[in-house]
There are 2 protein chains.
Amino acid sequence: MQWYQFLTDQQVAQVHETSLQILETVGIDFRYPPALEILKKGGAKVEGERVFFPSQLVEAQIKKAPAEFTLYGRSSDVDVVLGGDHMAYIPGYGAPFVTDLDNGRRAGSLQDFENFVKLTQASPHQDICSGMVIEPNDVPHGIRHAHMIYAAMKYSEKPFMGSAMGAQGAKDSIQMASILFGTQDQLAEKPRMISILGSLTPLVYDERMLGAIIEYARAGQPQLISSLVIAGATGPTTMAGTLALQNAEILAGIVLTQLVREGTPVVFSGSSSNTEMRSGALSIGSPEMAVNAAATAQMARFYHLPVRGGGAISDAKVPDAQAAYESMMSLLMAQVCGINFVLHSAGILESYSCMSYEKFIIDDEICGMVKRIKNAYAVSADTLALDVIKAVGPGGHFLDQDHTFDHFRTEFYQPVLSNRDNFDTWIENGSQQILQTANKRLKQVLAEYCEPDLPADADKELKRFIDTLE
Amino acid sequence: MQWYQFLTDQQVAQVHETSLQILETVGIDFRYPPALEILKKGGAKVEGERVFFPSQLVEAQIKKAPAEFTLYGRSSDVDVVLGGDHMAYIPGYGAPFVTDLDNGRRAGSLQDFENFVKLTQASPHQDICSGMVIEPNDVPHGIRHAHMIYAAMKYSEKPFMGSAMGAQGAKDSIQMASILFGTQDQLAEKPRMISILGSLTPLVYDERMLGAIIEYARAGQPQLISSLVIAGATGPTTMAGTLALQNAEILAGIVLTQLVREGTPVVFSGSSSNTEMRSGALSIGSPEMAVNAAATAQMARFYHLPVRGGGAISDAKVPDAQAAYESMMSLLMAQVCGINFVLHSAGILESYSCMSYEKFIIDDEICGMVKRIKNAYAVSADTLALDVIKAVGPGGHFLDQDHTFDHFRTEFYQPVLSNRDNFDTWIENGSQQILQTANKRLKQVLAEYCEPDLPADADKELKRFIDTLE
């Protein structure tokens, strides 16, 4: 497999060098004393909150993170390898609002969160339960994270995401994972969750993120170290400068994880994009975002680290053509440039502000299509089919060949939503609209959803743990 | 630039070898005596209509076609280079039906054809006028081709496509081009048009296509030699076998062009896809089509030939989310795998059966986004922006930097249709739907369209020529 790459090796090195200069001469503010202590002890120069990283320190620490690791599910069928040429899909994360055709747009609730966990569990294409698909606004702020983790455990057996709510959120996530999966040592040995933590661009890490980074790293838990530079607002207007800034921030975070615990699994996570200059707002459906994903993948490969980028990300307000072309752009780009962790792979509208149930179903179809493209095909005497071509000959047809019956089920992607009827048949069948088809499919998936087994004693103990937080 | 590639060099060679075996041992039917004569004289073994190609013949002739050539417009601004890492967009081709929001779906007319020429001329993203965007059903069959070529000349100064209606269609196309652009020698020196000609899969070339191939080759006119294998129907169900069959057919056609006139410019044109097994119909919005485009690009590079593939192709009946994700899939795939000639880059619905005005406008936006991705970015001291990052520092902002004002206009793609407002602003502005926005934009483009100059004497002579056909 040769990934799509537009940066030359020399340009990758140039971006790397620029990042090292940023880290060494501009520095990054770490607004959390324990982080400052660790970094100082590790060899960084600390002046107040500002941390300057010698290049040697950065290069030495980055090497310690693994190139590939596994997140384990409750069944080995759903284990997920992150790194190499593996690709994992993880639905939308962090939307305050939710929408569907029946109920319209509203604040998200725990019920919505649970529904999205169920949709994730039921999907053959989504690999990991996202951490905060929507904000469960009906749950008190201080215990939301625990309810989300419980829901992920109860309604899915796939790996899941931990809380990003500071040191306490991380501790609670680890504790809950321990209740279900064993001791912290066992958890470090066989990680079950991954959390997304990141910088406050430009060049700041705050207490909330640093608290969580340190706790997770202490427990050897995987984390995405993430930077989202908004070119033209929180970063330079040039995408090359944005990449260098993103790179510096990610490297700094990864250095911290390795100083806390050598070998902590990390994912190099860049989701920078550009500002819409008329409004100053972030645009995530822009081609610049896709370009940045491809560049981020190249940088991560340079460091031999798993990489996050792409997603079914869109600035559209409804699951229309705009939502679809933006989502396909970023999902397909993620595949062809070799992204390993595709966060926001289903449901996102409004530049991360809203999750749409119908868009989740549509994006899941796109994910299936992109996975089919990823699998490409085997080349062998059987698949090259010279004998079949000989047997059929000029002007013949292949429909009734045994070879056809042997292969079509596995060779061709079977769409769930895409309509391939001709116009007349489509009219006869009531000229189905894709949004309605998605809505119908959504209800069918939720109706047919099967809850996985959660051991009764663990279930009880998890509930008791949540009670202690309330 | 490193294109996306999934076949290994060895697999490319295997496909090539299989194609040679098909050509040597199965053979291809050429249903046109002049073609049989040329091929026999060139060294092929001919038995009745069946032609068997020795491998040496194929390998020797393929080398004679140029790796890159230019199509000239009426102004040098619109010249198009085909080959290398150049990419050209050419709108939909061959649809019998046309549709728009105002008038609904109907048979295409000459007026529709002219409108699409105008939209092509006005678009900054479409590079060549397509040959038969829609069938002008209101023009008598025998003279349709001449009216379409006249419309392409009158309403656009971009390069255009010639007729595929047999030897006569080709002769008429060449004659009309000569009226406007000079002698046939001048036309061969500076080609103005390209035509799409292809096989009747599996393994047949008919009189209509062969007549045109030979006429255009005699005149040194560029042509796409095209194969559309429908995996599971007119080809093996395995995409590898489909690729080998497609490859054999394209090679055979190219051999003929080079035997007629060495150095005739050709584009290696593969648009194979799979059958929807439930209905037996062609699916063009399938992931298998995108996979085939990537493989076709690899085969063409192996032969050092310009390549055609991809497009804004869809099986959807309306310009909805399905139309958009299918179109973006094939347009983006064409870019990342290095396709040079992207036919059907705007407007296609219903598996080639219908052109949608609004979809043309939407696809044109997608083409703009993909071109932005193709242009990626320069990496330099200025674009890496270390000084700007230093000046802003941790926690600062970039909006008021000179660097931002210097770069944002060229660095960021400015969408025409995509809505990036937040939800509240979008509601305040009347919750615009993309189809309505596209419809409005369509009317604006047609209203603002400027007709290029067509020299009055050539105009008169072209009209006189058409009269002689009637």
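Naming convention: chains lettered A, B, ... in sequence-line order (proteins, then strands); numbering from 1 in each chain. What you see is a predicted model, and the numbers here were worked out from it, not measured in a lab.
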- Item | Option that, when pairs with chain A are counted at under 4.5 Å, heavy atom only, ranks first among V379(B), D29(B), L331(B) | V379(B)
- Query: Between the main-chain N or O of Q432(B) and the side-chain N or O of K317(A), is there a donor-acceptor pair closer than 3.5 Å?
  - Reply: no
- Message: Using a 4.5 angstrom heavy-atom cutoff, name the option from V370(B), L384(B), L203(B) with the most pairs to chain A.
- Response: L384(B)
- Message: Taking side chain as everything from C-beta outward and backbone as N, CA, C, O, which of these in L7(A) sits under 4.5 Å from a heavy atom of chain B? Side chain, backbone, both or neither.
- Response: side chain
- Winner by heavy-atom pair count (cut-off under 4.5 Å) against chain B, out of L399(A), V291(A), V336(A): V336(A)
- Message: Atom CG of residue position D400(B) - does it have more than 12 heavy atoms of other residues, nucleotides or ligands inside 6.0 Å?
- Response: yes
- Greatest number of non-hydrogen atom pairs under 4.5 angstrom with chain B, of S279(A), S418(A), G393(A), falls to S418(A)
- Item | Derivation and outcome, side chain to side chain contact (heavy atoms under 4.5 Å, CB included), residues S286(A) and R420(B) | CA-CA 9 Å; S286(A) 68; R420(B) 294 175 174 178; 3.3 Å; yes
- Check each atom of L200(A) against the heavy atoms of chain B and say whether the ones under 4.5 Å are side chain, backbone, both or neither. neither
- Message: For a quick test of reading the model, state the closest non-hydrogen atom pair linking R278(B) to P415(A) and the distance between them.
- Response: NH2-O, 4.4 Å
- Query: For the atom pair CZ (R105(B)) and CD1 (I427(A)), what is the distance rounded to the nearest 0.5 Å?
  - Reply: 8.0 Å
- Inter-residue atom distance L417(B).CG - Y325(A).OH, 0.5 Å rounding: 5.5 Å
- Task: For residues Y413(A) and E288(B), report the shortest heavy-atom separation together with the two atoms involved.
- Result: N-OE2, 2.5 Å
- Min side-chain heavy-atom separation W426(A)-D315(B) under 4.5 Å: no
- Item | CG (N429(B)) with more than 12 external heavy atoms under 6.0 Å | yes
- Task: Write down the atom of G241(B), the atom of A385(A), and the distance for their closest heavy-atom approach.
- Result: CA-CB, 4.5 Å
- Query: What part of L243(A) gets closer than 4.5 Å to chain B, counting heavy atoms only: side chain, backbone, both or neither?
  - Reply: side chain
- Proximal component of R409(B), with respect to chain A [non-hydrogen, under 4.5 Å]: neither
- Looking at I434(A), L245(A), T8(A), V204(A), which has the largest count of heavy-atom pairs under 4.5 Å with chain B? I434(A)
- When the aromatic ring centroids of F423(A) and F97(B) are compared, is their separation below 6.0 Å? no
- Query: Minimum heavy-atom separation for P394(A) to G27(B), with atom names?
  - Reply: CG-O, 3.6 Å
- Item | Region of A294(A) that comes under 4.5 Å of a non-hydrogen atom in chain B | neither
- Item | Residue among A240(A), A324(A), A233(A), A316(A) with most heavy-atom pairs under 4.5 Å to chain B | A240(A)
- Between the side chains of T237(B) and T404(A), does any donor sit under 3.5 Å from an acceptor? yes
- Where does E365(A) contact chain B at under 4.5 Å (heavy atoms): side chain, backbone, both or neither? side chain
- Message: Can you tell me which of M239(B), Q11(B), H403(B), E276(B) forms the most heavy-atom pairs within a distance under 4.5 Å of chain A?
- Response: M239(B)
- Note on the structure: Max heavy-atom pairs within cutoff under 4.5 Å with chain A, candidates A381(B), A231(B), G285(B), goes to A231(B)
- Note on the structure: Between M1(B) and Q5(A) the two heavy atoms that sit nearest each other are SD-O, 3.6 Å
- Query: So what's closer than 4.5 Å to chain B heavy atoms on T383(A): side chain, backbone, both or neither?
  - Reply: both
- Item | Region of A244(A) in contact with chain B, defined by heavy-atom distances below 4.5 Å | side chain
- Message: Using heavy-atom distances under 4.5 Å, tell me whether E49(A) contacts chain B through its side chain, its backbone, both, or neither.
- Response: neither
- Which bit of A438(B) is near chain A, if near means a heavy-atom gap under 4.5 Å: side chain, backbone, both or neither? neither
- Message: Given heavy-atom pairs under 4.5 angstrom as the criterion, report whether the side chain, backbone, both or neither of P319(A) touches chain B.
- Response: backbone
- With only heavy atoms counted, which part of S353(B) is less than 4.5 Å from chain A, the side chain, the backbone, both or neither? neither
- Between the CZ atom in F408(B) and the OG1 atom in T238(A), the distance rounded to the nearest 0.5 Å is 14.0 Å
- Query: Which of parallel (below 30°), tilted (30 to 60°) and perpendicular (above 60°) describes Y4(B) and W3(A)?
  - Reply: parallel
- Query: Between M329(B), H397(B), K390(B), which residue shows the highest count of heavy-atom pairs closer than 4.5 Å to chain A?
  - Reply: M329(B)
- Task: For chain B, find which of S431(A), A290(A), C354(A), G395(A) contributes the most heavy-atom pairs closer than 4.5 angstrom.
- Result: G395(A)
- Any donor-acceptor pair under 3.5 Å linking the side chain of Q2(B) with the backbone of Q2(A)? no
- Rounded to the nearest 0.5 Å, how far does OG of S283(A) lie from CG of N419(B)? 10.5 Å
- Note on the structure: Looking only at heavy atoms, the pair that brings S380(A) and Q14(B) closest together is CA-NE2, 4.5 Å
- Task: Please look at M277(B) and chain A and tell me whether the side chain, the backbone, both or neither of the residue comes under 4.5 angstrom of a heavy atom of that chain.
- Result: side chain
- Message: Looking at chain B, which one of S19(A), P202(A), G280(A) has the largest number of heavy-atom pairs inside 4.5 Å, strictly under?
- Response: P202(A)
- Applying a strict 4.5 Å limit to non-hydrogen atoms, the region of E350(A) in contact with chain B is side chain
- Item | chain B contact via T275(A) - side chain, backbone, both or neither, heavy atoms under 4.5 Å | both
- Output the distance between atom CG (D320(A)) and atom CG (L435(B)), rounded to the nearest 0.5 Å. 8.0 Å
- What distance do L332(B) atom CG and M328(A) atom CE have between them, rounded to the nearest 0.5 Å? 9.0 Å
- Identify which of I22(B), V388(B), I362(B) forms the greatest number of heavy-atom pairs closer than 4.5 Å to chain A. I22(B)
